[in-house]
Amino acid sequence: MKLHEAERKLNEIANIKFKDLFTAEELQTIIVNKGKTGQLLELALGMKLSNKNRDFEDGELKTNKCDETGKPAETIFITQVSNMIDDLLQNKPFEETSLFEKIDNILYVPVCKVGEPTEWSFLESVHVNLNEERFFCLREQLHKDYDTICQLLNHHIETSKDGFIHTSNGKFIQIRSKDSKPYHPIYSNVYGREVSNKNHAFYFKKQFVGEIRRILGL
DNA sequence: CTAACTGGCAGCTCGCTCAG
DNA sequence: CTGAGCGAGCTGCCAGTTAG
């Protein structure tokens, strides 16, 4: 599925309460298993559930919990770090990383989760394409963030007590731990040893959402 | 005191592997 | 050939700590 097609479908179901969008049975699974919202959205859009690198043929779907005004409640998960750690430690050019591939064309869908799940709804989606002129400024900043984070990772490995990487912040994106037991250590070929005892991931910080809303005049 | 940050937990689907 | 088991990668949620 192409991103634009999903965007169109989404705008048809935006602002409709979940109780009018899903069956009681479907809603029940949301309540029992809170991690289900994103999957229900993908199904509502007629997509196949998968663990592939990109949700759309040409981009990525990101949902996030927020309030009625679209203000995000959480940072937004982007992608895991373990398989690209050496790209980062060698500061591979931003545009060539799988991180860039992951974020250069995003359909961001805020999910208003105030009150009971029956009262929740998808809000107006936001399409962020870093190749469009109006996002050049944002793209520049993300590039800077990327370079900063690459430096911070090396700095942590070389100077921290445990010799491991730790939370590293840019202005709009960050890297921090993301794993569950049993942990998945990150091995670096550059250093020839483990550089973390657990997996890490890229996240968009909340300021990122504020920035795209500002750019789009929302 | 409150909001943000940090580190962490858990559950889901897919594809791969391997025994039967 | 087939199905169970498992790892990888995805998702969302939250408690304790820190910063403003």
Side-chain angles (χ1 to χ4, degrees), chain A residues 1 6 18 22 25-57 59-67 69-88 97-99 101-103 106-117 120-123 125 145 148-149 152-153 156 160-162 164-187 194-211:
Chain A
M1 181 182 293
F18 278 15
F22 297 114
E25 192 189 346
E26 287 170 331
L27 268 181
Q28 192 56 36
T29 63
I30 289 194
I31 299 165
V32 173
N33 173 6
K34 294 173 181 170
K36 204 83 178 169
T37 312
Q39 292 174 0
L40 276 182
L41 172 58
E42 294 193 6
L43 291 173
L45 293 175
M47 298 170 57
K48 257 175 72 179
L49 298 177
S50 93
N51 62 343
K52 282 284 157 51
N53 208 28
R54 306 186 105 191
D55 296 323
F56 302 123
E57 294 163 41
E60 188 61 24
L61 176 68
K62 288 289 163 202
T63 62
N64 196 34
K65 179 181 177 178
C66 65
D67 64 13
T69 66
K71 187 174 159 240
E74 304 269 347
T75 50
I76 306 167
F77 172 82
I78 304 171
T79 190
Q80 303 198 160
V81 150
S82 55
N83 55 0
M84 59 167 124
I85 187 69
D86 283 321
D87 290 345
L88 303 178
T97 61
S98 53
L99 169 68
E101 184 194 357
K102 195 88 178 171
I103 64 175
I106 296 175
L107 187 61
Y108 171 69
V109 183
V111 186
C112 171
K113 295 188 181 177
V114 176
E116 295 299 308
W120 296 354
S121 63
F122 298 117
L123 299 183
S125 61
D145 283 356
T148 303
I149 288 170
L152 283 170
L153 292 178
H156 281 138
S160 68
K161 275 184 187 164
D162 54 13
F164 288 161
I165 60 174
H166 294 278
T167 299
S168 304
N169 282 297
K171 187 175 178 192
F172 292 139
I173 54 181
Q174 70 174 178
I175 277 184
R176 66 177 224 255
S177 71
K178 177 72 170 177
D179 208 348
S180 58
K181 287 175 181 169
Y183 293 138
H184 305 75
I186 301 176
Y187 183 87
E194 287 180 2
V195 293
S196 172
N197 61 343
K198 61 180 71 72
N199 205 352
H200 280 60
F202 276 103
Y203 290 84
F204 284 123
K205 300 167 75 169
K206 293 183 193 175
Q207 289 96 309
F208 174 78
V209 175
E211 180 66 10

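Below, chain A is the first sequence line, B the second, and so on; all start at residue 1.
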Do A:Lys62 and A:Phe204 form a cation-pi contact, if we require the NZ or CZ to be under 6.0 Å from the six-membered ring centre and within 45 degrees of the ring's axis? no
Nearest-angstrom distance from the residue atom [atom1] of [X] to [atom2] of [N]:
X: A:Ile78; N: C:dT11; atom1: CD1; atom2: P; result: 10 Å
X: A:Gln80; N: B:dC9; atom1: CD; atom2: C1'; result: 14 Å
X: A:Tyr108; N: C:dT11; atom1: OH; atom2: P; result: 13 Å
X: A:Ile165; N: B:dG8; atom1: CD1; atom2: C1'; result: 15 Å
X: A:His200; N: B:dC9; atom1: NE2; atom2: C1'; result: 15 Å
X: A:Phe77; N: B:dC12; atom1: CZ; atom2: P; result: 17 Å
X: A:Phe164; N: B:dG8; atom1: CZ; atom2: P; result: 12 Å
X: A:Phe202; N: C:dT11; atom1: CZ; atom2: C1'; result: 19 Å

(message) Please tell me if A:Lys178 has a side-chain N or O lying less than 4.0 Å from either OP1 or OP2 of C:dA8.
(response) no
Picking from C:dC10, C:dT11, B:dG8, the nucleotide nearest the side-chain atoms of A:Thr79 would be C:dC10
Across all chains, not counting sequence neighbours, the ring-ring contact (aromatic ring centres under 6.0 Å, His included) partners of A:Tyr108 are none
Hits for ring-ring contact (aromatic ring centres under 6.0 Å, His included) against A:Phe202, two or more places apart or cross-chain, chain-then-number order -> none
Across all chains, not counting sequence neighbours, the side-chain contact (heavy atoms from CB on, under 4.5 Å) partners of A:Asp86 are A:Leu89, A:Gln90, A:Ser188, A:Asn189, A:Val190
Sequence neighbours excluded, the answer for salt bridge (Lys or Arg N to Asp or Glu O under 4.0 Å) partners of A:Asp145 is none
Correct closest heavy-atom pair for A:Ile173 and A:Ile78 would be CG2-CD1, 4.0 Å
Of A:Tyr203 and A:Asn199, the one whose closest nucleotide on DNA chain C sits nearer the 5' end is A:Asn199
Tabulate atom names and distances for all N/O pairs under 3.5 angstrom spanning the protein and nucleotides 2-6 of chain B.
unit_1: B:dT6; atom_1: OP1; unit_2: A:Asn169; atom_2: ND2; d: 3.4
unit_1: B:dT6; atom_1: OP2; unit_2: A:Asn169; atom_2: ND2; d: 3.1
unit_1: B:dT6; atom_1: OP2; unit_2: A:Gln174; atom_2: NE2; d: 3.3

Residue set satisfying side chain to side chain donor-acceptor pair (under 3.5 Å) with A:Ser121, at least two apart, ordered chain then number -> none
